2 protein chains.
Amino acid sequence: MEDPVDRRLAAEVARDPRATLSQLSARVGLSSSAVQARLKRLENSGVITGYRAVIDPEAAGKPLSAFIEVTPLDPTQADEVPGLLEHLSAIESCYSIAGEASYMLFVRVAAPRDLETLIQSIRRAVLANTRTTVVLQTFYEHRPMLEAPETD
Amino acid sequence: MEDPVDRRLAAEVARDPRATLSQLSARVGLSSSAVQARLKRLENSGVITGYRAVIDPEAAGKPLSAFIEVTPLDPTQADEVPGLLEHLSAIESCYSIAGEASYMLFVRVAAPRDLETLIQSIRRAVLANTRTTVVLQTFYEHRPMLEAPETD
DNA sequence: ATTGAAATTTTCACGAC
DNA sequence: GTCGTGAAAATTTCAAT
């Protein structure tokens with residue numbers, strides 16, 4: 001994505017994916033059709049991988065979030081961890097990391113008891129040690145990756 | 001959000017926020033107007049806090065991500081940390097946490113050198129110790145919080 | 001990339017439950 | 001208060017340039 005118009009368009013859509021083509025076309029200075037074609041290109045080429053509404057975790061009944069570091073006891077099994085955990089819907093994100101632990105998970109649950117249950121599920125699924133860090137407060141999340149364009 | 005229709009609608013919108021009212025109305029079994037009214041209510045009541053397009057980090061020129069734990073040297077300053085760091089656009093999320101460190105940041109940068117620069121910016125802005133955990137691979141991210149409705 | 005016309009969707013006022 | 005209907009306005013789509 002070297003084209004500056006594509007970057008601008010991606011930034012606009014990242015912040016406001018529900019904007020109409022007309023609105024986007026006004027913001028990037030192209031016709032609706034041109035915007036439509038570029039958007040489709042960005043989607044098909046994998047630059048835009050999806051769209052999400054951001055839901056308030058409390059309203060969704062998941063007020064408790066945490067980071068869980070996972071270290072498999074058997075290094076042989078290490079590569080399969082993400083697949084083995086994928087079915088646990090409380091897991092929002094899964095990364096492999098450099099450091100003492102092998103994986104970092106970000107999870108959301110309803111209550112402390114569900115966190116315990118989740119950790120047990122994880123340890124059972126992958127035979128691993130875990131280290132959990134509970135989130136006390138979320139100050140900001142999901143901030144857009146692309147720079148905000150200047151408000152001309 | 002106790003109403004099951006609202007939960008269903010929120011789940012649908014969370015997964016596909018660009019769906020038309022007509023499409024949503026078909027999925028939840030209400031008229032477009034009813035869906036429109038419920039959506040507005042979900043937005044105004046803070047259940048839906050925003051919309052995002054998910055951009056491929058590599059395409060956006062930010063292939064390197066990391067977790068940064070921040071521990072202010074001066075506990076007095078601790079409450080102001082999120083505000084003091086908010087201007088750093090590389091920071092995607094900021095949480096206060098239970099554990100040794102006070103805050104957990106999730107950041108995205110273009111290259112190792114930018115990570116170093118960012119850490120310096122953070123330490124200068126808040127006078128804190130930092131502990132950085134580099135992400136080696138992202139297996140999944142941003143998975144929707146709300147259960148997928150059954151495909152009837 | 002733009003234009004313009006047809007098809008679809010959104011919006012909104014009104015009535016029914 | 002919530003939901004459905006219908007007509008006007010806005011938007012999307014697509015072929016032609």
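The shown structure was predicted, so the numbers you read here are calculated from the model rather than taken from an experiment. Only this structure's heavy atoms are used, side chains among them; waters, hydrogens and symmetry mates stay out. Here is how names work: the chains are called A, B, and so on, in the same order as the sequence lines, proteins then strands, and each is numbered from 1.
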Leading and trailing nucleotides of DNA chain D with any atom under 4.0 Å from heavy atoms of chain A: D/dT11 to D/dC14

Residues which pass ring-ring contact (aromatic ring centres under 6.0 Å, His included) with A/Tyr140, listed by chain and number, not counting sequence neighbours: none

Helix axis bend for the helix from C/dA1-D/dT17 to C/dC17-D/dG1 - C1'-based end axes, five pairs, 10° rounding: 30°

Qualifying residues under salt bridge (charged side-chain N to carboxylate O under 4.0 Å, His left out), relative to A/Arg7, sequence neighbours excluded: A/Glu147

Please state how far atom [atom1] in [X] lies from atom [atom2] in [N], giving the value in whole angstrom units.
| X | N | atom1 | atom2 | value |
| --- | --- | --- | --- | --- |
| A/Arg18 | C/dT10 | CZ | C1' | 11 Å |
| A/Gln23 | C/dT10 | CD | P | 13 Å |
| A/Leu9 | C/dA1 | CG | P | 11 Å |

Where at least one partner belongs to [range], residue pairs that pass ring-ring contact (aromatic ring centres under 6.0 Å, His included), sequence neighbours excluded:
| range | answer |
| --- | --- |
| residues 54-76 of chain B | A/Phe67-B/Phe67, A/Tyr95-B/Phe67, B/Phe67-B/Phe106 |
| residues 12-40 of chain B | none |
| residues 70-90 of chain B | none |

Closest approach of A/Pro17 to B/Arg18 (non-hydrogen atoms, all atoms of both residues): O-CD, 2.7 Å

Close residues, residues 33-46 of chain A, relative to DNA chain C [heavy-atom separation under 4.0 Å]: A/Ser33, A/Ala34, A/Arg38

Please identify each residue that fulfils side chain to side chain donor-acceptor pair (under 3.5 Å) with [X], with sequence neighbours left out.
| X | answer |
| --- | --- |
| B/Asn44 | none |
| B/Ser31 | none |
| A/Arg108 | A/Glu92, A/Glu141 |
| B/Asp16 | B/Arg27 |

Sugar-phosphate only, base, or nothing, as touched by B/Ser31 at under 4.0 Å among non-hydrogen atoms: base

